[in-house]
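A note on names: the letters A, B, ... follow the listed sequences, proteins ahead of strands, and every chain is numbered from 1.
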Amino acid sequence: MAGNGEHSNERHDRQDGGVPIPADFRVVNCRLEAPSSLPGNALPRFVAAASVSGSMKFWSQFFIPTLKESPADAEIASHKLLVRAGLVRKLGGGLYTYMPLGLRTLRKISQACREEMDAAGAIELQMPHLHPVEFWEQGPRWAAAREIMYRADHAGDGKRGPRDPEYVLGPTHEEIITPLVKTEITSYRDLPKNFYQIATKFRNEIRPRYGLMRAREFIMKDGYSFDATDEGATQSYLRMKDAYSKFFSRVGVKAISVEADTGVMGGSFSHEFMVPAEVGDDVVVYCEESGYAANREKATSGIVPKDLADAAPAGAVEEFPTPGVVTIAALEAAPYSVPADKQFKTLVYVGDGNPFLVILRGCDELEEAKLGSLGFTLFRPATPEEIEPVMGAKPGSLGAVKGTIKDPAALAGIFADHAIRLIGNGTTGANRDGMHLRNVNVTRDLAITKFGDFRRVRVGEPDPKSGNPLKIARAIEVGHVFKLGTKYSDKFGAVYTDDQKQSHPMVMGCYGIGISRTLQAIIEQSHDNDGILWPWSVAPFQVLVCLLDPQLPEAAELAKKIGLAAERAGADVLIDDRTERPGVKFKDADLIGIPLRITVGGKGLKEGIVEMKWRAQKDVAKLPIADAESKVAAAVADASRA
RNA sequence: CGGGGUGUAGCUUAGCCUGGUAGAGCGCCUGGUUUGGGACCAGGAGGUCGUAGGUUCGAAUCCUAUCGCCCCGACCA
């Protein structure tokens, strides 16, 4: 390239047949050095860029910045290890650079995912990250989705002009793939189809934390299936669920699938893949005996017998004064002494602008996610200012007894948890401050719009299947399969024509795997006090040749030969050729967690041996030098087969 | 968005309460002694104490604002 900025004035000047340079691009003092002027060891090398494996790497020429101490902002083991082992570095809250070592594992996870998706019949494509906002505005969930979306306007002078296009950064891609399929697929002959991509997603997490666990920018495999029939969609769904199980076991993650919240979509269903972990921010309810497992947002229990008969009224409703009593606990105490499970809890929510009531037992907690089944697009707890004009009293004295609500016409509904039928006759607020009602009978006195399951399940309650006590554990969600139905295809008009010339909406499913989150989940699930224990399948390198005396030519030569033997056997090999003391090398080796370590040193050479040690095991095998290459190759072959 | 905390060298941090012009460990550089589980000795570089105001003779320290980060809650894959 010419060494001045003259051509910056020429529109679309071509540089050496390369890309055109826009007229406003100014080249200042730009000079490219000829490759021959580079020092010999800096000559560019061309290797298969997309390949995870490749020629073995030498630590001294690679880049693995390990740390002795954990960063101050890391709370959990996997986050600390990610940073200490040099896998990631933080740019800002919820934003991480994948360092060379971390990128290798990330690629292996992606590749395993890709292979399982392909094997299950899914087809890879790649959609833009930058979405014209109209696609979202036309979609069925713009109001809710915009809360987590980033806007991406042209930076320019810092303001978006009225005629500038407006973009958002994609948090997921239903709104993009559905219009695509609508225009490209119109016949039943082209169905079913299942598309996926592995791509970065952007979500404005209210509170990013735990490193890659909850990030603003993260890598996700997202897939979307399109079927002609509901039955076909179920088949697609089950095929994906099966592929997910294969994927997680392949990358060494013990994930369990649980029933998940389906939100506003009646008739659809959903499973999440969960990794049990102390630090998980999801909660799983399960029963080992029956195999029942569900996200707590969705979980039900069998505390209400199916054959429960409604209680007969215990007497006339009676108002009694309760000055200052505004909590369940206060009414439980003397002198009232009403047990919490004999109280009605009346909550006021606002759904799409209209207040509605939720009635629970006093001893139960609302599981807010379950309100999603009521069909509101957005809902939230009502404020005290909103409550009083409708109910006639402040929170603490509320109830749903017929005739006591000040403005019942304002309510969008009164929704009751099934468990209130266990109360039969109980106590509730009178909708007059300082007053409650007793002898309130569920059937006689309450005008329930609809019964449903709204309460949060507690540990030890009977499993809905077997009746055994339910257990509860924290978990990390790493995958989610969702049968969507026609929510998006209806909205975007993604229809096909069947063999009777009839038009139908396609039946969709969507499927996500948190690739970067899985990376961290593996570490969270597989580490010890010294560092990471990588599963063979995703280890950034599988064999580490620990060369203790790189200055000894025969040691260095042997290390290289063993490394090559391991590589020929199918392993990715790292040779630690740094001039560090042995202690440092061993500590680093344990920290970065390469599964198989071969130690080559002057001391061993004198004995005529090298050492072979698995990261996950304590014992060290001494291999005669003559056997070293074949023994290592055999170990690699064994591990690769497992 | 509410509550709490915190910001000092690349990393981990002391000093702050009680104002007097910044100290350690790790890492890094130089030299030497070492060399099979994070060596030792000597020397060295590196900090406008997040930023902006204010109080004061004097501010890392006190006050105000602001930004970042962390924790709890709400919310969310």
Quiz item: When you compare B:A59 with B:A22, how far apart are their C1' atoms, in angstrom units rounded to a whole number?
Solution: 13 Å
Exercise. Provide, to the nearest angstrom, the distance between the CZ atom belonging to A:Arg84 and the C1' atom belonging to B:U12.
Key: 12 Å
Practice problem: For nucleotides B:G50 and B:G3, find the distance between their C1' atoms and express it as a whole number of Å. | Solution: 23 Å
Quiz prompt | Identity of whatever pairs with B:G31 - Watson-Crick or G-U, under 3.5 angstrom | solution = B:C41
Exercise. Please determine, for B:C49, whether a Watson-Crick or G-U wobble partner exists with both distances under 3.5 Å, and give it or none.
Key: none
Self-check item: Watson-Crick or G-U counterpart of B:G68, or none if no pair lies under 3.5 Å
Solution: B:U6
Self-check item: Side-chain donor/acceptor of A:Asp549 to backbone N/O of A:Gly602, under 3.5 Å
Solution: yes
Quiz item: What is the distance from CG of A:Leu591 to P of B:G37, rounded to the nearest Å?
Solution: 18 Å
Quiz prompt | Distance, rounded to the nearest Å, where A:Arg216 contributes CZ and B:A77 contributes C1' | solution = 16 Å
Quiz item: Does any nucleotide pair with B:A74 by Watson-Crick or G-U wobble geometry, both distances under 3.5 Å, and what is it?
Solution: none
Self-check item: Distance, rounded to the nearest Å, where A:Tyr210 contributes OH and B:C69 contributes C1'
Solution: 16 Å
Quiz prompt | Spacing of the C1' atoms in B:G25 and B:U66 (rounded, Å) | solution = 33 Å
Quiz item: Between B:G10 atom P and A:Leu91 atom CG, what is the distance in whole Å?
Solution: 17 Å
Quiz item: Paired with B:U21: which nucleotide, if any, by Watson-Crick or G-U wobble criteria at under 3.5 Å for both distances?
Solution: none
Quiz item: Taking the side chain of A:Val584 as heavy atoms from C-beta outward, which of B:G36, B:A39, B:U12 is closest to it?
Solution: B:A39
Quiz prompt | Distance in angstrom units between A:Arg207 CZ and B:G73 P, rounded | solution = 7 Å
Identify the pairs formed between an N or O of the protein and an N or O of nucleotides 31-35 of chain B at a distance under 3.5 Å, and give each distance.
residue	atom	partner	partner atom	Å
B:U34	O2	A:Arg581	NH1	2.6

Practice problem: Provide, to the nearest angstrom, the distance between the CG atom belonging to A:Asp73 and the C1' atom belonging to B:C71. | Solution: 12 Å
Quiz item: With stacking defined as ring centroids separated by under 5.5 Å and planes differing by under 30°, is A:Phe482 stacked against B:A77?
Solution: no
Practice problem: State whether a side-chain donor-acceptor pair under 3.5 Å links A:Tyr150 with A:Arg216. | Solution: yes
